[in-house]
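Each chain gets a letter, A, B and so on, in the order its sequence line appears, and its residues count up from 1.
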Amino acid sequence: MEYSSKKLEKQWQEYWAKNRSFEPSEDFTKKKKYILSMFPFPSGRLHMGHVRNYTLSDAFARYYRQQGFNVLHPIGFDSFGMPAENAAIKNGSHPKTWTYSNIDYMKGEFKSLGFSFSKERELATSDELYTKFEQGFIIDMYEKGLLYRKKGFLNWCPSCNTVLANEQVIDGTCWRCDTSVVKKDMNQYYFKITHYGDELLSDLSKLEGGWPKQVLTMQENWIGKSNGLEFRFSFDEVSLGRLNSKFDGFDVFTTRPDTIYGVSYAAIAPEHEIVSYMIQNSLLDDSVREQIESMKNASSIERQKEKSGVALNLHVVHPLTKKSVPVWVANFVLMDYGSGAVMAVPAHDERDFDFAQKYDLPIHAVIKPFNSESDDTKAFTEIGELFSSESFNGLNSKDAQAKIIEHFEMLKIGTKKINFKLKDWGVSRQRYWGAPIPFVHCDDCGLVMEKKENLPIALPEDIVITGEGNPLDKHPTWKHCKCPTCAKDALRETDTMDTFVESSWYFLRFCASPKNWEDEAFSREQIEYWMSVDHYIGGIEHAILHLLYARFFTKVFRDLGYISFDEPFDRLLTQGMVLKDGAKMSKSKGNTVDPDAIIEKYGADTARLFILFAAPPTQELEWNDSAVEGAYRFIKRFYERSSNITKTESIPSIDHASLSKEEQFARKKVYEALVRAQDVYNEKYTFNTMIAGVMEAMNALNAQSNSAIWSEGYWILASIMEPVIPHVCSEISSRYFSLKNLTSQRVLEEVFVENVITLGVSINGKARTEIEVAVDASSEDVIKIAKESAAKWLEGKTIVKEIVVPKKLVNLVIKD
RNA sequence: GCGGAUGUGGUGAAAUGGCAGACACGCUAGACUUAGGAUCUAGUGCCGUAAGGUGUGGAGGUUCAAGUCCUCUCAUCCGCACCA
C-alpha cells in the first residue's frame, strides 16, 4: 500500500476522460448546478491563483455531482489581448500561434490537477466561431442604440498604444502596465452602459446575501449616483459680446443647492467647449492660453497634484441674486462629469476653498453648524442652518435643498437632476489581437454595419507586428472592402474590441450544447435551464470591471429578447490572493511557486488539499512549503491506513451501544465531520474547518481497531473528501466500496447520543474544574455535583447565584 | 478625505454570548531504525518548580459569562478619490 501520487492520479484522470465523467447531461428535467470559475487568460502556465480558483470550483462541482445534480462546470480561455501581441513583438511569434500553444499546455495542466471541467465545452474567445456570434451581438446593440461612435477626450496609454475605458484607469495609470495615462482627443466606439446605470445600481439589492458586501459597495460607488440641481449660468452683456453671442451661458450641476447664496465664482474645465472656442478664435491673451494648454496636457496624476486656474474675464449672472459672478478655468473641474462646469462655493466646499485661497477670491459663508458659530478658516462642508440666503434663512440644509430645487423649477431656471459617475464604456482598441468591430466606413453611406451573413469578420493571419501603430490599419489589403449597403469601395473599421467584451457573455455560451455551436450562440431552452450561475468564483480584482460589464450585457441580452433574467451570477465567491513571504507571488519578486513542480513532487491531491486547508477561501493564502509536506503526509496516511477497511458494497451497520468508548468516539467524530462538511458545502465554504474535522475523525479512528468502524469511517470520509482530493478518494472508493459511497451521506443521529456528559464548572465565570453527569440529570443534581467538585474554591464563600447551561457548563457566582 | 475589511501562540488558523487556541505547520523530548527531510509516542500560549496567575491590538461598557454584543481608540490592508 505504498502511496504513489503519479501512478494513481494518471490512472484516474484517464478513467474520467474515458468515461466522459464530467460532461453535463442534456436531460433538462434534472436538478442542475452551474459552477463557474473565472476563465484564465492563456499566459502560458497556470499560477497558484488559478490553482486556488479552480480547486474551489472543482470542489463545488464534484460535491454537487455526488448529491445527484446535473452539473455544468466549464472552462475556456479569455484568449484575445495584448500579452499575445507583446510576445509577438518580443519573440517574433505570431499571436495566434503563441495563444493556442499556451492553451494546449494549460489544458494539460488542468488535466493533471484533476479538475472536473467539461472537456467538450472548452472554448477560446479568439475562436472565429466565438467572434462570429459576438459581432452579431454588437450589430444588435448598434441597432438598439446601445453602441455609438463619438469623438471625445480619451484615456490613452502611451505604452500600450491604445485607449482605455474609465474602469481600466487605476490611479491615473494603465491597469495593465502602470504607465501614466494621458488624454487624447479621438474617435471611439462606446457601449451605452449609462443607459442601465439606475438598474445596475438598484439590482445590486437582488445580489445581497449572494455577493460579498464589499463587491456590492464597490459597484455602488463606481456607479456613483447623486441627486442635485442643474441650472444654467447666463453670461452678462459684455461677456456675450466677447463671445460673439456664440454661447449664452453654460449648465452647472450641484448636489448642494442649499449653498447657492454662497457662490463666489464659476469654474469650467479646460476642455470645455467655451474655452476651446475662445482659443480657436484668439479671444484669450497668450499667457492665459498657454496656462490652459498646460492644464490640458498634464497627466491625470500631475493634474491632481495642485489646483490651478485662470480667469477668463467673462462673467455670469447669479440666478437668484442677479449679482455678477466671475468665470474661471480650473484644472480640478472634470470635463467628463456633469456638464464640465460648476458653481463654486468656497465657504462650503474644500476644493473651491483651496482655489479661492490661492487666487484670493471672495468667500461667502451661508451655512453654519446647528449648535455653534462658523469657523471661516476652513470650508464647512457638513449640513447646517442657512443664513444670508434671503427667504431661505433659518432652514436646515436638507429642507433648503428641496425648497431651493422647487424654487428653481417654479421659476423654470433649473431642474432636479440625477447624475452618475458611471460613464459609457469605450470599447475600441487600436490593436490587432482582438475581435474586429464589424463596421465599414463608406464615403457615401457613412458608418455602416456589416451584414450578419458576412460574419465573422476575421483577423488576417499575415500580419506584421512591430508595436507601432495599429497592425490592422497598416495591413496592405485587409481593410479594403465593399460597402454592405451600396457595394462601392469602402474601408473596414480597423479598431478591435476591448477583451472585456468577450468575458461579458462567455458564461452564456457555455450553456450551449457543443453540437449546436456552429449554428447558434446559445439556445433559449439551454439558457433557461442552466442560468443563472449558482456559484461564481474568482478574484476580487474583477469586482468592478468584469462583473459590471457582465451584468450590463445580461441586461442588454434580456432587452434584446435573448434571455429573460436580470442578473447572471447568484452567488459570488471572491477568493483571496496567494502570497509567498507576505507578498503576492510575482516573477519580478522571484517568489513564485510553480504548480507543475508541486504536482511533480507531491501530486495534484496534495496541492489541492493544501490550498483548501491553509486558509478560508476569501482570505489571503500564505504559501508554506512545510505545510505542503504536511498535507502530503496526511494523504499518504489516509491512503495507507485504508488497509484497515474491509471490502463492502454498503455502509456497515453497527450496534452503537455495544461499542467501547474509543469506538463510539471514533464514530461520533466521523459523523461530526459529515455534519460539518454539509454545512461547509452548503453555506460556509470554509473548507479548512471541514478538512480539520476529517483529520480529527482520522485521529479518532486510529485510536481503535474495529474493522467495521474503519470501513464505515472511510465510507463517509472518502465521500466527504472526494471533491477535495479526488484521485486518492476514488482509488480507495473503487478498491473497497465499488465507488458506491460517492453519493450523499446520511447523518446517523444515534452516534451523538450520550449517557454521560462532561460539563465545565466555573466560579465567577472562571473555568475551574469539570464534572461528569448523566445526560438527563436535573439542574439541582448538576449543581450539587458541581459544588462538590469545586469545594476547594467555595470554602468560606457565599454562593449568590447558580447558572446551569444545559450540556455546556455550570457557573457559580460567589462572594466573600 | 470617503467606503470596506482585518487584528487571536513561533506560523497558517479554530471557536450558535458558555471551559480560547480545534486542526495543522514548526519546535522539544523520547521510541524504532537499514541513521532517513521516514514512521510512531508525549509535550508545546505566556509567567511560574508548583499551586496558581495571566491572556484574543488598546481603553471603557453591557452580562452570571465577551475573541464574539455596544462606545471610543490605535494599527495594518484593500477599494474609491478634485465626481461638484
Side-chain angles (χ1 to χ4, degrees), chain A residues 170-172 212-222 224-226 228-230 252-257 259 267 269 300 303-307 330-334 336-345 348-352 354-355 381 419-423 540-541 543-544 576-577 579 609-610 613-616 618-631 633-634 636-637 640 673 679 686 688-699 702 758-770 792 800-814:
Chain A
I170 314 290
D171 289 338
K213 219 178 134 194
Q214 187 194 7
V215 175
L216 296 175
T217 312
M218 283 165 75
Q219 293 224 348
E220 189 184 326
N221 292 342
W222 188 262
K225 182 177 179 173
S226 54
L229 167 72
E230 187 177 68
V252 293
F253 172 72
T254 179
T255 54
R256 290 297 303 271
T259 65
S300 58
R303 192 162 156 172
Q304 281 181 38
K305 272 190 195 144
E306 202 191 340
K307 291 186 178 35
N331 69 342
F332 68 89
V333 181
L334 307 173
D336 48 11
Y337 182 76
S339 55
V342 298
M343 66 175 211
V345 184
H348 305 297
D349 182 286
E350 275 166 29
R351 296 155 301 178
D352 299 345
D354 292 347
F355 194 82
T381 58
N419 238 321
F420 288 92
K421 211 179 90 175
L422 180 70
K423 288 164 202 136
I540 186 84
E541 66 272 21
I544 293 173
M577 284 193 301
L579 310 180
L609 180 67
F610 167 75
F613 182 56
T618 53
Q619 209 160 304
E620 288 176 339
L621 175 94
E622 175 72 29
W623 190 267
N624 179 331
D625 289 324
S626 52
V628 175
E629 295 258 4
R633 286 203 298 268
F634 172 79
K636 198 161 142 45
R637 266 200 309 275
E640 283 164 5
D679 280 356
T686 47
N688 54 331
T689 61
M690 179 189 96
I691 294 163
V694 170
M695 288 172 169
E696 285 180 52
M698 277 298 290
N699 292 343
N702 205 43
T758 307
L759 298 185
V761 178
S762 28
I763 312 290
N764 288 348
K766 192 171 296 216
R768 287 300 183 189
T769 178
E770 281 184 350
K792 178 177 163 191
V800 294
K801 198 162 186 177
E802 297 157 346
I803 291 129
V804 179
V805 182
K807 299 188 180 175
K808 298 271 186 194
L809 58 67
V810 178
N811 188 22
L812 301 174
V813 184
I814 59 170

Item to check | B:rG60 versus B:rU49 - spacing of their C1' atoms, nearest Å | outcome: 38 Å
Item to check | Candidate nucleotides B:rA81, B:rC23, B:rA13, ranked by approach to the side chain of A:M695 - the nearest | outcome: B:rC23
Checklist entry - Would one find a side-chain N or O of A:R768 under 4.0 angstrom from OP1 or OP2 of B:rG53? => result yes
Next on the checklist: Quick check against the 3.5 Å criterion: does A:T686 have a side-chain atom that pairs as donor or acceptor with the backbone of A:N688?
Outcome noted: no
Item to check | Validation row: A:D336, A:K423 side chains within 4.5 angstrom (heavy atoms) | outcome: yes
Next on the checklist: Between the base of B:rC64 and the side chain of A:N811, is there a donor and acceptor pair under 3.5 angstrom?
Outcome noted: yes
Checklist entry - Are side-chain heavy atoms of A:I691 and A:F634 found at a separation under 4.5 Å? => result no
Checklist entry - Considering only the C1' atoms, how many Å lie between B:rU11 and B:rG58, rounded to the nearest integer? => result 24 Å
Next on the checklist: When the C1' atoms of B:rA15 and B:rC32 are compared, how many Å lie between them, rounded to an integer?
Outcome noted: 37 Å
Next on the checklist: Using the P atom as the point on both nucleotides, what is the distance between B:rA13 and B:rC19, in whole Å?
Outcome noted: 23 Å
Item to check | Candidate nucleotides B:rC64, B:rC23, B:rA51, ranked by approach to the side chain of A:K792 - the nearest | outcome: B:rA51
Checklist entry - Does any nucleotide pair with B:rU62 by Watson-Crick or G-U wobble geometry, both distances under 3.5 Å, and what is it? => result none
Item to check | Partner nucleotide of B:rC19 by Watson-Crick or wobble geometry (both distances under 3.5 Å) | outcome: none
Checklist outcome for this item: Side-chain atoms of A:K421 come closest, of B:rC78, B:rA84, B:rC80, to B:rC80
Checklist entry - Where the side chain of A:E629 is defined as all heavy atoms beyond and including C-beta, which of B:rG37, B:rC25, B:rA14 is the nearest nucleotide? => result B:rG37
Checklist entry - Which whole-number value in Å describes the distance from A:F610 CZ to B:rC25 P? => result 12 Å
Item to check | Listed nucleotide nearest any side-chain atom of A:Q619, set B:rA22, B:rA13, B:rA24 | outcome: B:rA13
Checklist entry - With sugar-phosphate meaning primed atoms plus P, OP1 and OP2, does A:V805 contact a base, only sugar-phosphate, or nothing at under 4.0 Å between heavy atoms? => result base
Next on the checklist: Could you identify the nucleotide paired to B:rG30, looking across every strand shown and requiring Watson-Crick or G-U wobble geometry with both distances under 3.5 Å?
Outcome noted: B:rC40
Next on the checklist: Say we look at B:rU28 and B:rU16: how far apart would their C1' atoms be, to the nearest angstrom?
Outcome noted: 37 Å
Checklist entry - When we call it a touch if two heavy atoms are under 4.0 Å apart, what does A:F613 touch: a base, just sugar-phosphate, or nothing? => result base
Checklist entry - Between B:rA24 and A:N624, is there an OP1 or OP2 to side-chain N/O distance shorter than 4.0 Å? => result no
Checklist entry - When you measure from the side chain of A:V333, which nucleotide among B:rA84, B:rA81, B:rG3 comes out closest? => result B:rA84
Checklist entry - With side chains defined as the heavy atoms from C-beta onward, is the minimum distance between A:T259 and A:M343 less than 4.5 Å? => result yes
Checklist entry - When all nucleic acid strands are considered with a 4.0 Å heavy-atom cut-off, which category describes A:S762: base, sugar-phosphate, or nothing? => result nothing
Next on the checklist: Using side-chain heavy atoms (C-beta onward) and a distance below 4.5 Å, is A:E802 in contact with A:L812?
Outcome noted: yes
Next on the checklist: Suppose you measure atom C1' in B:rG4 against the same atom in B:rA14; what distance do you get, rounded to whole Å?
Outcome noted: 24 Å
Item to check | Contact under 4.0 Å: A:K766 side-chain N or O vs B:rU54 OP1/OP2 | outcome: yes
Checklist entry - Do the side chains of A:N702 and A:R637 get nearer than 4.5 Å, heavy atoms only? => result no
Checklist entry - The side chain of A:T217 lies closest to which of these nucleotides: B:rA24, B:rC19, B:rG3? => result B:rG3
Next on the checklist: Distance check needed: B:rG1 P versus A:D354 CG, whole Å only.
Outcome noted: 14 Å
Item to check | Reported CG-to-CE distance for the pair A:N221 and A:M218, which is rounded to 0.5 angstrom | outcome: 9.0 Å
Checklist entry - If you take all heavy atoms of A:V342 and A:V333, which pair is closest and at what distance? => result CG2-CG2, 4.0 Å
Checklist entry - According to a strict under-4.0 Å criterion, is A:Q304 in side-chain N/O contact with OP1 or OP2 of B:rA81? => result no
Item to check | Separation between the C1' atoms of B:rC46 and B:rG55, rounded to whole Å | outcome: 7 Å
Checklist entry - Within the structure, does a side-chain N or O atom of A:N764 lie under 4.0 Å from either OP1 or OP2 of B:rA65? => result no
Checklist entry - OP1 or OP2 of B:rG18 less than 4.0 angstrom from a side-chain nitrogen or oxygen of A:K808, does that happen here? => result no
Next on the checklist: Please give the distance between the P atoms of B:rG57 and B:rU8 as a whole number of Å.
Outcome noted: 6 Å
Checklist outcome for this item: To the nearest 0.5 Å, atom CD of A:Q214 lies from atom OG1 of A:T618 at 9.5 Å
Item to check | Base partner of B:rC82, which must satisfy Watson-Crick or wobble distances under 3.5 Å | outcome: none
Next on the checklist: Please find the pair of heavy atoms, one from A:Y337 and one from A:F420, that lie closest to each other, and give the distance.
Outcome noted: CE1-O, 3.6 Å
Item to check | A:E622 CD to B:rU76 C1', straight-line distance once rounded to whole Å | outcome: 16 Å
Next on the checklist: Here's a test of your reading of the structure: between A:A614 and A:A631, which maps to the more 5' nucleotide of RNA chain B?
Outcome noted: A:A614
Checklist outcome for this item: Checking B:rC80, B:rA13, B:rC78 against the side chain of A:I544 (C-beta onward), the nearest is B:rC80
Checklist outcome for this item: Contacts of A:P616 and A:K636 projected onto RNA chain B by closest heavy atom; the upstream (5') one is A:P616
Item to check | N or O in side chain of A:S226 less than 4.0 angstrom from B:rA84 OP1/OP2 | outcome: yes
Checklist entry - For B:rG52, which nucleotide in any strand shown is its Watson-Crick or wobble partner with both distances under 3.5 Å? => result B:rC47
Checklist entry - Which nucleotide in the list B:rA84, B:rC80, B:rC82 gets nearest to the side chain of A:N331? => result B:rC82
Next on the checklist: Using a 4.0 Å heavy-atom cut-off, does A:N419 contact any base of the nucleic acid, only the sugar-phosphate backbone, or nothing at all?
Outcome noted: nothing
Next on the checklist: Within 90° of 0 counts as syn, otherwise anti: where does B:rG9 fall?
Outcome noted: syn
Item to check | Proximity to the side chain of A:T689 - top-ranked nucleotide from B:rA14, B:rC25, B:rC64 | outcome: B:rA14
Checklist entry - Does B:rG26 have OP1 or OP2 sitting under 4.0 Å from an N or O in the side chain of A:R633? => result yes
Next on the checklist: Measure CZ/A:F634 against C1'/B:rG12 and give the value in whole Å, please.
Outcome noted: 17 Å
Next on the checklist: Return the pairing partner of B:rU76 with a 3.5 Å limit on both distances, Watson-Crick or G-U wobble; otherwise return none.
Outcome noted: B:rA5
Checklist entry - Quick one: A:M690 CE to B:rA22 C1', roughly how many Å, whole number? => result 16 Å
Checklist entry - If we call it a pair only when both distances are under 3.5 Å in a Watson-Crick or G-U wobble match, what pairs with B:rG10? => result B:rC25
Next on the checklist: It should be established whether A:K213 places a side-chain nitrogen or oxygen under 4.0 Å from OP1 or OP2 of nucleotide B:rG79.
Outcome noted: no
Next on the checklist: What's A:E350 touching, base or sugar-phosphate or nothing? Going by heavy atoms closer than 4.0 Å.
Outcome noted: nothing
